[in-house]
A.B. asks: 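This is the structure I have questions about; it appears just below.
First listed ligand is number 1; within each ligand, the first listed atom is number 1.
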Amino acid sequence: MSYETILVETRGAVTLITLNRPKALNALNSQVCAELVEAFAAFEADDTQGCAVLTGSGDKAFAAGADIKEMAEKPAADFFLGDFFADWQARIVRATRKPWIAAVNGFALGGGCELAMMADFILAADTAKFGQPEIKLGVAPGMGGSQRLTRAVGKAKAMEMCLTGRMMGAEEAERSGLVARIVPLADLVEDAVKTAQTIAGMPRMAAMVNKEMVNIAFETGLEQGLLTERRLFQILTATQDKAEGMAAFVEKRQAVWKGR
Ligand code: CO8
């Protein structure tokens, strides 16, 4: 599959996807939207791939938001009838059961911040800046910013950011729980790929279940979440990789995973 607005390469068991419209600060137009859906579907379907990394090209931006030039002339009915950006929730967030990481290399604004927050976790360059500045355009977040940012950093900061459009730097983002770790910009992609390789090297079903379990914490109450966790744990005990992992520990040797 060839793409025009993104780059896709594999590094061993890791798929590296790069938003590639650097002149427009990787703004997310409808072509990027469609190509990302295809790239994530290909990653998910490829058994050789265990984890993905999404980043932006250039040093300046992960993505500076949905493409304002494309949205400027679009009538409201088109946003509504086309269910603008609904695809990503259904076909990237829900459909991607394998883990993926956002490596945020600069501005992650509006839809860019929202896309980063769709990842299982964010690694941020020391230069990263996060924000939901849609209010300055007369609109509001539309791809999860009001919901995911609030869950990540709490009401006070999310409300302040959405109402003023102010950006949050990498250190504040780490302090606030929005990002897992800060990495120097020059090392970001290599670090993210290495982290992804670690994850891809884990027993596949266990990785997918761990991802599912943590995400369930955002969707359900504690009692139901704990029950679901126990059941998923119990299901994992039936895998060949559970038998292998525990035998390898007892025998003091490296486990050889089957992914089943
Ligand atoms: N869309 C289109 N083009 C963009 C965007 C964007 N979001 N951001 C930057 N660009 C373009 C600029 O127009 C410029 O292009 P050109 O050279 O042709 O004029 C180029 O990228 C470089 O940008 P700047 O010259 O502005 O660079 P600066 O370093 O001066 O500023 C900023 C960088 C601060 C990031 C600035 O570009 C900026 O404020 N960008 C817009 C940020 C923004 O408002 N993002 C939110 C967009 S709205 C959104 O994401 C809504 C998502 C929800 C939709 C779902 C609905 C259901």
A.B. asks: With a 4.0 Å cut-off, strictly under, does atom 30 (O) of ligand 1 pick up any protein heavy atom?
C.D. replies: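 For atom 30 (O) of ligand 1 the answer is no, since every protein heavy atom stays at 4.0 Å or beyond.
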A.B. asks: Taking all heavy atoms of Leu115 and all of Leu19, pick out the closest pair and write down the distance.
C.D. replies: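 Closest pair (atom of Leu115, atom of Leu19, distance): CD2-CD1, 4.1 Å.
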A.B. asks: Check whether any side-chain N or O of Thr55 sits under 3.5 Å from a backbone N or O of Ala103 as a donor-acceptor pair, and report yes or no.
C.D. replies: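 Yes.
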A.B. asks: Does any N or O atom in Ala64 lie less than 3.5 angstrom from one in ligand 1, N or O only?
C.D. replies: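 Yes: some nitrogen or oxygen of Ala64 is under 3.5 Å from one in ligand 1.
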A.B. asks: Going through the distances and angles, do Glu244 and Gln240 end up as a side-chain hydrogen bond (donor to acceptor under 3.5 Å, both in side chains)?
C.D. replies: CA-CA 6 Å; Glu244 169 63 7; Gln240 293 176 36; over 6 Å; no
A.B. asks: Is atom 10 (N) of ligand 1 touching the protein, meaning some protein heavy atom lies under 4.0 Å away?
C.D. replies: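 Protein heavy atom within 4.0 Å of atom 10 (N) of ligand 1: present.
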A.B. asks: Work out which heavy atom in Phe62 is nearest to a heavy atom in Leu54; give both atom names and the distance.
C.D. replies: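 Heavy atoms only, the tightest pair is CE1-O, 3.5 Å.
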A.B. asks: Provide, to 0.1 Å, the distance between atom 1 (N) of ligand 1 and the closest protein heavy atom, together with that atom's residue and name.
C.D. replies: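 Checked against all protein heavy atoms, atom 1 (N) of ligand 1 sits closest to Ile68 N, 2.9 Å.
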A.B. asks: Going by a strict under-4.0 Å cutoff (protein heavy atoms only), does atom 18 (O) of ligand 1 have a neighbour on the protein?
C.D. replies: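 Given the 4.0 Å cut-off, atom 18 (O) of ligand 1 counts as touching protein heavy atoms.
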A.B. asks: With distance as the sole test, does Asn20 use its side chain to make a donor-acceptor pair with the main-chain N or O of Ser57 at under 3.5 Å?
C.D. replies: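 Judged by distance alone, no pair lies under 3.5 Å.
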A.B. asks: Identify, for atom 4 (C) of ligand 1, the protein heavy atom at the shortest distance, and state residue, atom and that distance.
C.D. replies: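 Of every protein heavy atom, Ala24 O, 3.8 Å lies nearest to atom 4 (C) of ligand 1.
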A.B. asks: With no hydrogens and no angle check, is any side-chain donor or acceptor of Glu229 less than 3.5 Å from a backbone partner on Ile216?
C.D. replies: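 Checked: no pair found.
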A.B. asks: Hydrogens and angles aside, do Gln31 and Thr5 bring a side-chain donor and acceptor to less than 3.5 Å of each other?
C.D. replies: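 Judged by distance alone, the side chains do not pair up.
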A.B. asks: Give the contacting part of Met71 toward ligand 1: side chain, backbone, both or neither, where contact means a heavy-atom distance below 4.0 Å.
C.D. replies: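 Under 4.0 Å from ligand 1, Met71 contributes side-chain atoms alone.
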A.B. asks: Note the single closest protein heavy atom to atom 54 (C) of ligand 1, along with its residue, its atom name and the distance in Å.
C.D. replies: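 So the nearest neighbour among protein heavy atoms is Phe85 CD1, 3.9 Å.
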A.B. asks: Under 4.0 Å, heavy-atom basis, I'd like to know which part of Pro133 is in contact with ligand 1: side chain, backbone, both or neither.
C.D. replies: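 For Pro133, the contact with ligand 1 is made by the side chain alone.
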A.B. asks: For atom 16 (P) of ligand 1, grab the closest protein heavy atom and report residue, atom and distance to one decimal in Å.
C.D. replies: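 So the nearest neighbour among protein heavy atoms is Lys69 NZ, 3.8 Å.
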A.B. asks: Run the ring-centre check on Phe40 versus Trp100 and record whether the distance is less than 6.0 Å.
C.D. replies: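 Ring centroids of Phe40 and Trp100 are less than 6.0 Å from each other.
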A.B. asks: Report yes or no: does a heavy atom of Lys60 sit under 4.0 Å from some atom of ligand 1?
C.D. replies: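 Per 4.0 Å heavy-atom rule, Lys60 contacts ligand 1.
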A.B. asks: Is ligand 1 under 4.0 Å from a heavy atom in the side chain of Phe107, in the backbone, in both, or in neither?
C.D. replies: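 Looking at Phe107 and ligand 1, just side chain atoms fall under 4.0 Å.
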A.B. asks: Please determine whether any non-hydrogen atom of Gln132 lies less than 4.0 Å from an atom of ligand 1.
C.D. replies: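 False for this residue.
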A.B. asks: Tell me whether Leu109 has any N or O atom under 3.5 angstrom from an N or O of ligand 1.
C.D. replies: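 In this structure, Leu109 places no N or O atom under 3.5 Å from an N or O of ligand 1.
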A.B. asks: For Ala152 and Leu178, work out which heavy atoms get closest and say how close.
C.D. replies: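 Between these two residues, the closest heavy atoms are CB-CD1, 3.9 Å.
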A.B. asks: Looking at ligand 1, would Lys136 count as a contact under a 4.0 Å heavy-atom criterion?
C.D. replies: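 Under 4.0 Å: no for Lys136.
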A.B. asks: Considering heavy atoms of the protein only, find what lies nearest to atom 23 (O) of ligand 1 and give residue, atom and distance to 0.1 Å.
C.D. replies: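 Atom 23 (O) of ligand 1 sits closest to the protein heavy atom Leu25 CD1, 3.6 Å.
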A.B. asks: When only distance counts, is Ala140 in polar contact with ligand 1, meaning an N/O pair under 3.5 Å?
C.D. replies: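 Ala140 vs ligand 1: no N/O contact under 3.5 Å.
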A.B. asks: Is atom 48 (S) of ligand 1 close to the protein, meaning a heavy atom under 4.0 Å from it?
C.D. replies: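 Protein heavy atoms within 4.0 Å of atom 48 (S) of ligand 1 - there is at least one.
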A.B. asks: If only side-chain N and O atoms count, and only distance matters, is there a donor-acceptor pair under 3.5 Å linking Glu70 with Ser30?
C.D. replies: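 Yes - a donor-acceptor pair under 3.5 Å links their side chains.
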A.B. asks: Identify the two heavy atoms, one from Lys98 and one from Asp120, that lie closest to each other, and give their separation to 0.1 Å.
C.D. replies: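 Residues Lys98 and Asp120, closest heavy atoms: O-OD2, 4.0 Å.
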A.B. asks: Give yes if a backbone or side-chain nitrogen or oxygen of Leu137 is under 3.5 Å from a nitrogen or oxygen of ligand 1, and no if not.
C.D. replies: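 There is no such contact.
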A.B. asks: May I ask whether Leu36 and Val189 are part of the same hydrophobic cluster, defined by side-chain heavy atoms of I, L, V, M, F, W, Y residues being less than 4.5 angstrom apart, directly or through others?
C.D. replies: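 No, it is not one cluster - the side chains of Leu36 and Val189 are not joined through contacts under 4.5 Å.
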A.B. asks: So, for atom 35 (C) of ligand 1, does the protein have a heavy atom nearer than 4.0 Å?
C.D. replies: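 So far as the 4.0 Å threshold goes, atom 35 (C) of ligand 1 is in reach of a protein heavy atom.
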